[in-house]
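Below is one structure; the comments refer to it alone.
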Amino acid sequence: MSQIQHHIPEHVLAAYASGNLPFEFSLVVAAHVSMCLECRASLEAHQAIGGQLLESIPDMGISDGLKSDVMALLDAPEKAAPVYSRSGIYPGPIMEALKGAQPKWKALGGGVRQSILSHEPTGSVRLLHIPPGMAVPDHGHNGLELTLVLQGSFSDEAGSFGPGDVEVADDDVEHTPIAGDGLPCICLAATDAPLRFRSFLPRMLQPLFRI
């Protein structure tokens, strides 16, 4: 795997560590952290700081027993959910979202395919499969988008992104991502609002594809 150049922003890692990040973005963070030693270390630092803050909370009517119970829950491993290991290019967190199965791809046109992992009023997260050299229609954003590359690469106005890299796009960003040469670009993309397409056809198909 090539060296990761584009990472999760610190404020997003902090929100993930505190449990205040929506599932869609949490999945991207978890998958990236499983691939990136640098962000894994930063996340552990945020979690350690959170634990220290909890330990330093004044009594304020909270019994030592209750505080100990909360700390034990934070330290305890998850028991109910099955643990999925990496499968091919898909890290464990993505395999968990897929419930251990392979993605069910649906065509979007031009060879581009998607597999929606979650689609809720608060946001969506999907896998995208983009053939080499294919461009995603020019678009802007009505909110935040996190895109993690799992295979291949893409480039846009912000630079080039390879395996493990994350592009962070907000409502100030308009871009036209183009898949690189070689392997198809497979990425995990999470958004909290519909995209803003310039062209008529993508706008017309947007409700159908739930983008």
Side-chain angles (χ1 to χ4, degrees), residues 1-60 62 66-81 83-84 86 90-97 117-128 140-150 154 156 158-173 175 177 187-195:
M1 182 180 297
S2 60
Q3 185 177 0
I4 296 173
Q5 301 290 332
H6 303 277
H7 302 273
I8 300 290
E10 285 296 323
H11 72 278
V12 177
L13 279 176
Y16 177 79
S18 64
N20 291 321
L21 203 61
F23 165 76
E24 293 78 16
F25 295 133
S26 292
L27 180 57
V28 177
V29 173
H32 174 78
V33 166
S34 75
M35 304 168 71
C36 177
L37 293 176
E38 181 176 329
C39 286
R40 192 180 310 167
S42 295
L43 176 61
E44 289 173 354
H46 282 293
Q47 291 171 330
I49 291 171
Q52 290 170 4
L53 288 174
L54 184 59
E55 288 179 337
S56 66
I57 292 175
D59 285 343
M60 295 176 59
I62 300 176
L66 177 58
K67 188 183 293 187
S68 297
D69 289 344
V70 172
M71 293 300 296
L73 285 172
L74 290 175
D75 292 336
E78 293 286 343
K79 295 180 179 179
V83 176
Y84 293 96
R86 184 182 186 93
Y90 303 112
I94 295 178
M95 291 308 299
E96 182 176 348
L117 305 183
S118 175
H119 184 81
E120 303 293 341
T122 54
S124 66
V125 60
R126 70 197 67 224
L127 290 164
L128 293 170
H141 304 82
N142 292 304
L144 178 65
E145 180 181 47
L146 298 181
T147 303
L148 168 66
V149 179
L150 302 172
F154 74 85
D156 62 11
S160 297
F161 300 83
D165 283 333
V166 176
E167 183 175 42
V168 182
D170 58 21
D171 53 9
D172 292 326
V173 173
H175 58 169
C187 53
L188 179 71
T191 57
D192 58 6
L195 301 181

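A quick note: this is a predicted structure, and the numbers were derived from the prediction, not measured.
Atom CD in E120 sits 13.5 Å away from atom CG in D192 (nearest 0.5 Å). Interatomic distance, CG of L148 versus SG of C36, reported as 10.0 Å (0.5 Å rounding). Here C187 contributes atom SG and R126 contributes atom CZ; the two are 11.0 Å apart, rounded to the nearest 0.5 Å. Taken to the nearest 0.5 Å, the CG atom of N142 stands 8.0 Å off from the CG atom of D171.
Using a 4.5 Å heavy-atom cutoff, the side chains of V173 and E145 are not in contact. Taking 4.5 Å as the limit, every side-chain heavy atom of F161 sits out of range of all side-chain heavy atoms of T147.
Between A189 and L128 the shortest heavy-atom distance is CB-CD1, 4.2 Å. Taking each heavy atom of M35 and P163 in turn, the nearest pair found is CE-C, 4.3 Å. When all heavy atoms are compared, the tightest approach of L150 to P91 is CD2-CD, 3.9 Å. Taking every heavy atom of both residues into account, L43 and L13 meet most closely at CD1-O, 4.0 Å. Y84 and E96 make their closest contact through CD1-CA, 3.3 Å (heavy atoms, listed as atom of the first residue, atom of the second, distance). Counting all heavy atoms, side chain and backbone alike, R40 lies closest to S34 at NH2-O, 3.0 Å.
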Inset, instruction - For V168 and V12, run side chain to side chain contact (heavy atoms under 4.5 Å, CB included): C-alpha distance rounded to whole Å, both residues' side-chain angles, the deciding distance at 0.1 Å, then the answer. - result: CA-CA 10 Å; V168 182; V12 177; over 6 Å; no
Legend entry - side chain to side chain contact (heavy atoms under 4.5 Å, CB included) between Y90 and L127, worked out: CA-CA 10 Å; Y90 303 112; L127 290 164; 4.1 Å; yes
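The backbone N or O of V149 lies less than 3.5 Å from no partner atom in the side chain of D165, so there is not a single donor-acceptor pair.
Contacts of S160 classified as side chain to side chain donor-acceptor pair (under 3.5 Å), with partners at least two apart in sequence or in another chain: none.
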Considering only distance and modelled atom types, tabulate donor-acceptor pairs under 3.5 Å from the side chains of residues 22-33, sequence neighbours left out.
| unit_1 | atom_1 | unit_2 | atom_2 | d |
| --- | --- | --- | --- | --- |
| S26 | OG | L21 | O | 3.0 |
| S26 | OG | P22 | O | 3.0 |
| H32 | ND1 | G164 | O | 2.8 |

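For the side chain to side chain donor-acceptor pair (under 3.5 Å) condition, the pairs that include at least one residue of residues 11-21, sequence neighbours left out, are S18-N20.
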